[in-house]
Amino acid sequence: MSGVVLPGLARWWLGTLGLDTLGSAVFTVGYATAAFVVWYGWIRPIDFTGSAERRAEL
């Protein structure tokens, strides 16, 4: 959740200072980093190969 909230707050704050382009870049990098962390920590380690008995039949 903080991977979206913190970059969003930073984007809003930079936008109030008139730095809209920098705010958009900060939000994009922050959101992409959060997505990468979720993929690397939770999704990548999942083993989708199935059971050993099923592979032996093929």
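Looking at every heavy atom in both residues, Gly30 comes nearest to Pro7 through CA-CG, 3.7 Å. Considering every non-hydrogen atom in both Phe27 and Val4, the closest pair reads CE1-O, 4.0 Å.
Residues Arg11 and Asp20 have side chains in contact (heavy-atom distance under 4.5 Å, counting atoms from C-beta outward). Looking only at side-chain heavy atoms (C-beta outward), Val26 and Leu14 come within less than 4.5 Å of each other.
Using a 4.5 Å cut-off between side-chain heavy atoms of Ile, Leu, Val, Met, Phe, Trp and Tyr, with links allowed through other members, Leu9 and Trp13 fall into different hydrophobic clusters. When hydrophobic clusters are built by joining Ile, Leu, Val, Met, Phe, Trp and Tyr residues whose side-chain heavy atoms come closer than 4.5 Å, directly or via intermediates, Leu22 is not grouped with Val29.
Rounding to the nearest 0.5 Å gives a distance of 9.0 Å between CH2 of Trp12 and CG of Leu17.
The aromatic rings of Phe36 and Tyr40 sit parallel to each other, their planes meeting at less than 30°, with 60° as the upper class boundary.
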